[in-house]
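Every chain is numbered from 1, with letters handed out A, B, ... down the list of sequences. Below, each value reflects all heavy atoms present in this structure, side chains not excepted, and no hydrogens, waters or symmetry copies.
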2 protein chains.
Amino acid sequence: MKCSESSAGTTITRGRPREFDPETALAAALRVFWTRGYENASLAELTEAMGITKPSLYACFGNKEALFRKALDLYERDKLAYIGTALEAPTARGVAEKLLRGALATHCGTSDPHGCLGVISSVACTNEVDSIRDHVVARRASSEAALIERFERAHAEGDLPPPVDPRALASCLTTVLQGLSVKAQGCACPSELQGTVDAFLSIWPSK
Amino acid sequence: MKCSESSAGTTITRGRPREFDPETALAAALRVFWTRGYENASLAELTEAMGITKPSLYACFGNKEALFRKALDLYERDKLAYIGTALEAPTARGVAEKLLRGALATHCGTSDPHGCLGVISSVACTNEVDSIRDHVVARRASSEAALIERFERAHAEGDLPPPVDPRALASCLTTVLQGLSVKAQGCACPSELQGTVDAFLSIWPSK
DNA sequence: GCACCTATATACCGCTCGGTATGAAATGTT
DNA sequence: AACATTTCATACCGAGCGGTATATAGGTGC
């Protein structure tokens, strides 16, 4: 019944038991969406990667869009956890540095696909009416809002030089983060992006 | 006769004359690719926007991929002309400013689609073997190489503070430019991006 | 007028897409 | 053993994709 439990307790099982683990299947689906984008990820690719058939996918996850949203949840929970901890850094500079280093590790690593799932999905989904795109853009906006709030606090605490608009500075940082995603997806050279991040941090306003 | 002449002289015409202007048709195709990306732009959309039929398209432009490459040529010639002039600015800061302002005008304007065609195409084309993606990424690399060269010259001229690596600084700038493309495509608020660009220029190293 | 050449319009091709109908297999319940 | 319930495997659906075959229309050269 709709993907059922992932939490501890074993649910009452009636009828033929499921032969796959929804969590690992979802993780496999995430990888496909991450490498191919929402629209380019076909059901054939997804089901093959997940090791299940189409009817199983639909019975467990609803449809392609619902599957994507669940994969996006998993992505934010597992892969973007560094954002939450970065925002807790004591200084604005520390926040920026943790965000940049975290993005580098997450989007340029060796084990996961390159680039940011959110950027890939929002840029690639260009349908006139596209709830996927709106969904992703909305999540990004709320994430940026948290960063703005953090920088406004830093501004109030005298942690940022007064002439700088904290809102614009936050936007500047997220712009770099999204640009890094584009670059990570294009060239597979993490060392170069390391230098890029270092350069950006070297011009970042301190105190 | 493969799209034939666009230059002045009227070519020798034998057989039924073409009923459309290849240049304006190509401009229409460019708009479609720009708003939808290469893969999402269907032949139905393209032919409707161009005002021609599929056989006419294939006779004049070859196929979808060839059409895209010609549209990309037109794009770089008409829409990215600001890059060439920006590189001629007397200072590194001037180069950066002209690139950022030019990108803002081009990718956030009211008359053209938002975002950068190159970014949209490279991010959205995720096929295992994708010559479109490689093509776009290669063009971007050559463009970035020119910027690096320009900044190395600026560095030699003492136009950049010595501790900064001109290569990394160039990469930093192009990262922001690509990030701006992502943002321009997502939110339709040029005023906010204006502030973003201002913020970036305010932290840009001077002398 | 006629042959020749090229662009047009229409209909079609094989293929893949997201999604589903159907029947068999595997469990718990009685 | 018989049934209810749920999952699995296969085959299938209509629609849209990029691309093309065919026949007709519209010109020039003779």
Side-chain angles (χ1 to χ4, degrees), chain A residues 1-5 10-22 24-25 29 32-33 36-71 121 124-132, chain B residues 1-5 10-26 29 32-33 36-71 121 124-132:
Chain A
M1 194 84 330
K2 293 291 177 184
C3 200
S4 71
E5 294 297 295
T10 51
T11 335
I12 42 115
T13 97
R14 225 169 29 174
R16 179 172 173 174
R18 179 179 287 130
E19 293 178 359
F20 64 95
D21 173 29
T24 59
V32 175
F33 283 128
R36 304 277 287 127
Y38 174 72
E39 306 210 272
N40 288 327
S42 71
L43 283 186
E45 267 179 295
L46 287 165
T47 52
E48 185 185 346
M50 300 167 82
I52 65 179
T53 62
K54 278 194 279 185
S56 295
L57 190 156
Y58 275 79
C60 183
F61 299 101
N63 60 9
K64 188 184 174 184
E65 180 169 341
L67 175 64
F68 177 79
R69 289 176 192 250
K70 285 168 182 164
S121 301
C125 289
T126 59
N127 290 327
E128 193 95 21
V129 176
D130 196 327
S131 63
I132 288 290
Chain B
M1 206 36 29
K2 292 292 175 184
C3 200
S4 71
E5 295 296 294
T10 52
T11 336
I12 43 114
T13 98
R14 230 171 22 175
R16 179 173 175 175
R18 180 179 286 129
E19 294 178 1
F20 65 94
D21 174 29
E23 288 294 321
T24 58
L26 187 60
V32 176
F33 282 129
R36 306 275 289 125
Y38 174 72
E39 306 211 89
N40 288 327
S42 71
L43 283 187
E45 267 179 296
L46 288 165
T47 52
E48 186 186 346
M50 301 167 82
I52 65 179
T53 62
K54 277 194 280 185
S56 295
L57 190 156
Y58 276 79
C60 184
F61 298 101
N63 60 10
K64 188 185 175 184
E65 180 169 342
L67 175 64
F68 176 79
R69 288 175 193 251
K70 284 168 183 162
S121 301
C125 290
T126 58
N127 290 328
E128 192 95 24
V129 175
D130 197 327
S131 64
I132 288 289

Interatomic distance, A:Glu45 CD vs C:dC17 C1' [rounded to whole Å]: 12 Å

B:Asn127 CG to C:dC17 C1', straight-line distance once rounded to whole Å: 14 Å

Does a side-chain N or O from B:Ser56 land closer than 4.0 Å to OP1 or OP2 of C:dA7, or not? no

Take atom CD1 of B:Ile52 and atom P of D:dT20, then tell me their distance rounded to the nearest Å. 15 Å

Given that B:Gly15 and B:Pro55 both sit by DNA chain C, which one's nearest nucleotide is further toward the 5' end? B:Gly15

Backbone N/O of B:Asn127 and side chain of A:Asn40: donor-acceptor pair under 3.5 Å: no

Between A:Glu48 (CD) and C:dT16 (P), how many Å, whole number? 14 Å

Test for a donor-acceptor pair under 3.5 Å between the base of C:dA25 and the side chain of A:Arg16, counting only N and O atoms. yes

Is there a donor-acceptor pair under 3.5 Å between the side chain of B:Lys64 and the backbone N or O of B:Tyr58? no

What integer distance in Å separates B:Phe20:CZ from C:dT6:C1'? 12 Å

Classify the ring geometry between B:Phe68 and B:Phe33 as parallel (under 30°), tilted (30 to 60°) or perpendicular (over 60°). perpendicular

The answer to which of B:Glu19 and B:Asn40 contacts DNA chain D further toward the 5' end, by nearest nucleotide, is B:Asn40

In whole angstrom, what separates A:Tyr58's OH from C:dA21's P? 12 Å

Check every atom of D:dG19, D:dC8, C:dG18 against the side chain of A:Arg18 and return the nucleotide holding the closest atom. D:dC8

Are any of the side-chain heavy atoms of B:Val32 and B:Leu46 separated by less than 4.5 Å? yes

Answer with yes or no whether A:Arg14 presents, from its side chain, a donor or acceptor under 3.5 Å of a partner atom in the base of D:dT5. no

Would you mind reading off the distance between B:Met50 atom CE and D:dG18 atom C1', rounded to a whole angstrom? 15 Å

Between D:dC8 and A:Thr53, is there an OP1 or OP2 to side-chain N/O distance shorter than 4.0 Å? no

Could you check how far CG of B:Leu46 sits from P of D:dG16, rounded to whole Å? 17 Å

Taking B:Glu39 first and then B:Arg36, would you say they form a salt bridge - that is, a charged N and a carboxylate O separated by under 4.0 Å? no

OP1 or OP2 of D:dG19 less than 4.0 angstrom from a side-chain nitrogen or oxygen of B:Lys54, does that happen here? no

Which part of the nucleic acid, if any, lies within reach of A:Pro17 when heavy atoms closer than 4.0 Å are counted: base, sugar-phosphate only, or nothing? sugar-phosphate

